[in-house]
Every structure is written in C-alpha cells, then in structure tokens.
Amino acid sequence: MRNVIETDVVIIGAGPVGLFAVFELGLYDLRCHLIDILDRPGGQCAELYPEKPIYDIPAWPEISGAGLTERLMEQIKPFHPEFHFNRMVQSLKKLEDGRFEVETDENEVFHAKIVVIAAGGGSFQPKRPPIPGIEAYEDKSVFYSVRRMEEFRDHDVLIVGGGDSALDWTLNLQPLARSLTLVHRRPEFRAAPDSVNKMFAMQEKGDLNFEIGQVTGLSGADGQIEAATVKGPDGEVEVKATRLLPFFGLTMKLGPIADWGLNLHENLITVDTEKFQTSVPGIFAIGDINWYPGKLKLILSGFHEAALMAHAAKKIAHPEAKVVFQYTTSSTSLQKKLGVK
Amino acid sequence: MTKITIVANDGTRYELEAENGSTVMENAVRNAVPGIEAECGGACACATCHVYVHEAWKEAVGEPEAMEEDMLDFAYDVRPTSRLSCQIRVSDALDGLIVSVPERQA
Ligand SMILES: Cc1cc2nc3c(=O)[nH]c(=O)nc-3n(C[C@H](O)[C@H](O)[C@H](O)COP(=O)(O)OP(=O)(O)OC[C@H]3O[C@@H](n4cnc5c(N)ncnc54)[C@H](O)[C@@H]3O)c2cc1C
Ligand code: FES
C-alpha cells in the first residue's frame with residue numbers, strides 16, 4: 001500500500017523563497033512539507049554562493065548566502081516545517097476531492113490542499129562532463145551519484161573532480177574497488193584539506209592512482225565502459241575503468257515542471273500579481289520560477305510574493321474562516337503562533 | 001575607451017570599445033556575443049563566461065585567483081589560457097586584448 005502524507009501545503013523547493021513561505025503560511029495556521037532535490041535548505045544561496053555576500057536584503061546591509069539560509073531556518077522554526085531532501089518532485093495532479101497529489105522519485109505521495117511551487121531556476125542536477133559519447137554509458141556504467149556502494153565493489157573505478165564529492169567517494173570506495181583512479185585537472189583541490197591529505201597518503205602507499213588531466217574519451221560497448229583516455233600535461237594515458245563517477249558540480253534544469261499542465265512563459269510559470277496563483281487555482285508559484293510583467297528575480301521579490309500568496313492560500317484552504325490582516329508586532333494571536341512569551 | 005576583441009566560436013570577431021573598469025564578460029553580454037552565458041551575472045559562481053585569452057595577451061591578463069581556478073574546474077575544455085571573462089577587468093594595459101569563446105560553456 002502506498003504511504004500517503006496528508007498536509008495543508010506542499011512546497012516544491014526549499015530555496016530562500018520556499019523557506020519564507022513557511023513563515024507566511026504558518027501565520028495562517030497552514031502546515032507545510034517541503035521537498036528539494038538538494039540535501040539541505042537554501043537553494044541557490046546554499047549551492048551556488050554560500051560564502052558570497054548579498055547586499056540587498058532589507059535591514060541586512062550584508063549577509064552571506066549561508067547566513068541568510070540559517071536566519072530563515074531560525075525564523076520558521078516555530079512552524080515545524082517538515083523537510084524531504086534528496087528527492088525530485090516528479091508529478092503534480094488534481095484529485096477528485098479538489099486537493100492535489102504530489103509524487104516524488106522516491107515514490108512518496110503527498111496529498112495537500114495547496115501546492116506552492118518555489119522551484120527557482122529548476123531542480124539542481126549534475127552537470128554532464130564534456131566527454132564525447134558519454135550519454136551512451138549513463139546509468140549503466142557512468143553514474144553521477146552513488147546510491148548503493150555495492151554497485152562499485154570489485155570494479156575499476158574512475159572518479160573525476162576536485163571537490164568534496166569526488167574526494168569523499170574516492171576515500172569511501174577505495175576499499176571496495178578492484179582499482180581506483182582519481183583524475184583532476186590540477187594538483188590543487190576544492191575539497192576539505194583533510195580528505196586531500198588522506199587521498200595523497202593512499203596514493204603514496206600505492207592504494208590508488210591520481211592523474212592530473214581531463215578525461216577526453218571513453219571506450220567500451222553496450223553501455224559498459226572499459227577504459228578512459230586522460231589527457232594530462234605530459235600527453236595522453238589510458239586508464240582502465242569499468243565504472244566512472246564524474247563530479248562536475250550542479251546545474252539548474254526546469255525538469256518535470258514543464259509537464260504539469262501549467263501555463264508557461266519561456267520556461268517560467270505564469271502567475272497573477274494579486275495572489276501569485278498559476279493557471280490552476282490552488283497551485284501557486286513564487287520566487288525565481290514565476291513570471292509576470294515586470295518580474296525581477298530577486299530574493300526580496302520572492303518574499304513579497306510569499307506574503308500575498310499565503311493570504312490567498314488561506315482562503316482556499318479554509319473557505320469558512322475569516323481571513324484578517326494582522327501585524328506580528330501587535331497581534332497576540334500571531335505572537336502565540338511564533339512562540340513569543 | 002579601450003579596444004577589445006572577442007572572437008565567437010564561429011569565427012565572428014566582435015571589436016568592442018570597452019570602458020576601463022568594466023569586465024570582459026559585461027562587454028560581451030552588452031553586445032550579445034554568442035556563447036557567453038554568464039548565468040551568475042559575474043559573481044564567479046557559474047563558469048559560463050569561460051574564454052581563452054590569446055597567447056600574446058596571457059601575461060598581461062595575468063593568472064586567475066584561487067576562487068576562479070576553483071570555478072574553472074567546472075568549465076568545458078579548460079586550457080592553460082583559460083579565464084573566466086567576468087574576472088578580467090579592462091584597463092589601458094589591455095588595449096587590443098583578444099579572447100575567444102570556447103565551443104560551448106559547461
Ligand atoms: C551568484 C548569485 C548571486 C546572487 N545574488 C543575489 C543578490 O545579491 N540579491 C538577490 O536578491 N538575489 C541574488 N541572486 C538570486 C537569488 O539567489 C535567487 O533569486 C533566489 O535564490 C531565488 O530563490 P527561490 O527560492 O525562488 O529559488 P532557488 O534558490 O533556485 O531554490 C529552488 C529550489 O527548488 C528545488 N527544486 C526545483 N525543482 C524541483 C523539483 N522538481 N523537485 C525537487 N526540488 C526542486 C531546487 O533544487 C532548489 O533548491 C543571486 C544568484 C546567484 C546565482
Ligand atoms: S559570469 Fe558566472 S563565473 Fe563569470
């Protein structure tokens with residue numbers, strides 16, 4: 001039997017705008033579940049520029065991407081949002097009772113009165129490295145993440161990249177693999193120095209190979225690779241490999257959102273500027289993913305959109321309730337929800 | 001004004017008058033040079049403004065800083081002359097600079 005999670009609101013995307021939506025919806029007593037393909041909250045702020053300063057968040061003359069995420073998480077804590085990370089939302093459809101069904105690639109099913117799409121520039125997906133013909137091997141012998149370590153046991157594993165994912169998997173898979181080769185463009189790494197030191201220590205003992213260069217070609221048949229060509233400063237070498245793990249960072253792709261039957265404008269979801277509702281009543285879109293005349297892709301705009309969206313969402317979720325406008329400064333009922341003593 | 005030339009991947013030469021202090025990426029975007037995507041708007045966070053600096057200009061342009069080197073790991077077909085164009089600032093010393101756009105961005 002399918003396990004169905006019932007909730008008031010499902011928010012697709014846990015970027016800054018999805019996070020702030022939890023706050024605005026919480027003030028109207030709407031409980032939220034958030035789903036994101038990343039393994040942590042913050043969206044672009046966490047993935048693309050955690051350490052870079054942002055200068056245009058009102059009342060924060062300067063705050064980093066990671067800092068903003070942290071503050072938002074603290075601000076929404078009273079509303080106990082539930083997070084489902086490492087999952088891609090695959091489908092969104094309307095149920096007969098007027099609610100919506102959201103399904104992830106991990107086969108979880110959510111039923112919600114309201115769906116808020118805060119999917120930013122789309123879901124983060126691994127970048128495909130510039131190796132000719134790599135598509136033919138994907139999901140057969142070339143993988144962009146490790147779901148089960150056992151799949152790498154007794155293989156000749158080739159890992160490409162210089163960040164934490166590349167180094168962590170080098171260290172974790174080395175004991176299982178028949179052989180392990182790490183390839184990186186240069187001798188400096190972005191990964192934690194501790195992992196890098198461990199890797200070099202293993203190399204010294206002869207437990208793994210480290211090659212400086214870029215993978216330029218693959219050979220094999222029927223989706224199964226056999227070897228890779230690595231072009232380095234001293235020319236080309238062949239590396240035996242039956243499993244390839246390239247870690248070239250993430251890029252944003254719209255993904256399945258295009259198939260949900262919503263009106264789009266150049267790959268963005270069209271909304272009105274009163275409620276930020278999509279062409280389907282009950283489904284809202286806020287933040288970088290939406291489009292309306294005059295739209296600016298700013299965090300600030302996303303926050304504004306969240307407030308108006310929440311007001312409209314409350315009327316749909318609880319049509320019988322009277323929706324009153326209140327200030328957090330002076331409303332005792334809002335302060336109770338926020339846990340103010 | 002400083003003269004810079006950006007050679008697109010199809011060989012088209014964009015000869016631009018650039019303001020000192022602006023970045024090569026900004027000039028490319030303003031003049032719609034194909035192949036410079038600059039998704040992050042110059043924050044050195046996307047590696048989609050990758051260019052090759054012509055050999056003769058390599059020294060004048062200088063070496064990338066550590067942060068830029070880190071981002072270059074994500075670029076396509078990185079060569080010794082690779083730079084991120086949002087990190088190259090136009091100045092009198094670069095009058096006549098030539099860079100070319102790679103086959104594709106990441
Ligand atoms: C380098 C850089 C600098 C910036 N500087 C500023 C600045 O100074 N000021 C400013 O206001 N803005 C700035 N921005 C823009 C700002 O980061 C965005 O406007 C903001 O992140 C948008 O937030 P969001 O919540 O709408 O979307 P995002 O932050 O893009 O988050 C969306 C989330 O949804 C997830 N997602 C999407 N589809 C799915 C799916 N189907 N299933 C599961 N998860 C999904 C994604 O994985 C992602 O985590 C900058 C952006 C960059 C890249
Ligand atoms: S514009 Fe993104 S790194 Fe240069």
Side-chain angles (χ1 to χ4, degrees), chain A residues 44-56 64-66 120-122 124-132 134 160-167 182-191 193 196 212-217 231-233 246-253 288 296-298, chain B residues 8-10 21 23 25-26 29-30 32 34-53 55 58-59 61-89 99-106:
Chain A
Q44 294 175 44
C45 300
E47 182 58 37
L48 298 179
Y49 59 106
E51 274 142 41
K52 292 208 169 76
I54 311 171
Y55 299 102
D56 58 353
S64 67
F124 279 102
Q125 288 170 26
K127 260 190 212 165
R128 173 180 285 153
I131 306 172
I134 190 168
V160 189
D164 281 312
S165 309
L167 269 285
L182 174 68
V183 171
H184 182 44
R185 173 176 86 76
R186 56 199 172 108
E188 295 84 30
F189 290 83
R190 302 185 308 282
V196 177
I212 296 181
Q214 299 176 77
V215 176
T216 53
K231 196 171 135 202
F247 293 108
F248 277 75
L250 303 175
T251 178
M252 297 190 96
K253 293 227 174 83
D288 279 14
L296 291 179
K297 286 190 187 179
L298 289 175
Chain B
N9 198 246
D10 67 1
T23 68
M25 179 280 281
E26 287 166 341
V29 169
R30 221 172 280 148
I36 299 292
E37 293 166 15
E39 275 168 19
C40 78
C44 197
C46 73
T48 62
C49 63
H50 177 202
V51 294
Y52 304 122
V53 173
E55 210 51 69
K58 188 170 154 42
E59 222 182 280
V61 171
E63 293 294 316
E65 285 182 25
M67 181 170 76
E68 184 183 340
E69 278 284 7
D70 283 355
M71 275 325 294
L72 276 169
D73 284 350
F74 300 120
Y76 172 82
D77 192 9
V78 180
R79 301 180 193 164
T81 54
S82 287
R83 289 291 311 261
L84 294 178
S85 59
C86 69
Q87 304 300 306
I88 307 176
R89 242 170 235 294
V99 303
S100 40
V101 178
E103 188 189 325
R104 63 177 167 101
Q105 298 292 343

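Here is how names work: the chains are called A, B, and so on, in the same order as the sequence lines, proteins then strands, and each is numbered from 1.
Remark: side-chain polar atoms of B/K58 are paired, donor with acceptor, to backbone N or O of B/P80 under 3.5 angstrom. Under a 3.5 Å cut-off, the side chain of B/Q87 and the backbone N or O of B/P64 do not form any donor-acceptor pair.
Interface remark: of the candidates A/E188, A/M252, A/R128, A/R186, A/R186 forms the most heavy-atom pairs closer than 4.5 Å to chain B.
With a 4.5 angstrom heavy-atom cutoff, B/E69 touches chain A via backbone and side-chain atoms both. For chain A, the nearby part of B/M67 is the side chain; its heavy atoms alone come within less than 4.5 Å.
Qualifying side chain to side chain contact (heavy atoms under 4.5 Å, CB included) partners for A/T216, counting only residues two or more places apart in sequence or in other chains: A/T229, A/K231, A/E236.
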Side-chain donor-acceptor pairs under 3.5 Å in residues 34-49 of chain B, sequence neighbours left out?
unit_1	atom_1	unit_2	atom_2	d
B/T48	OG1	B/A38	N	3.1
B/T48	OG1	B/E39	N	3.0

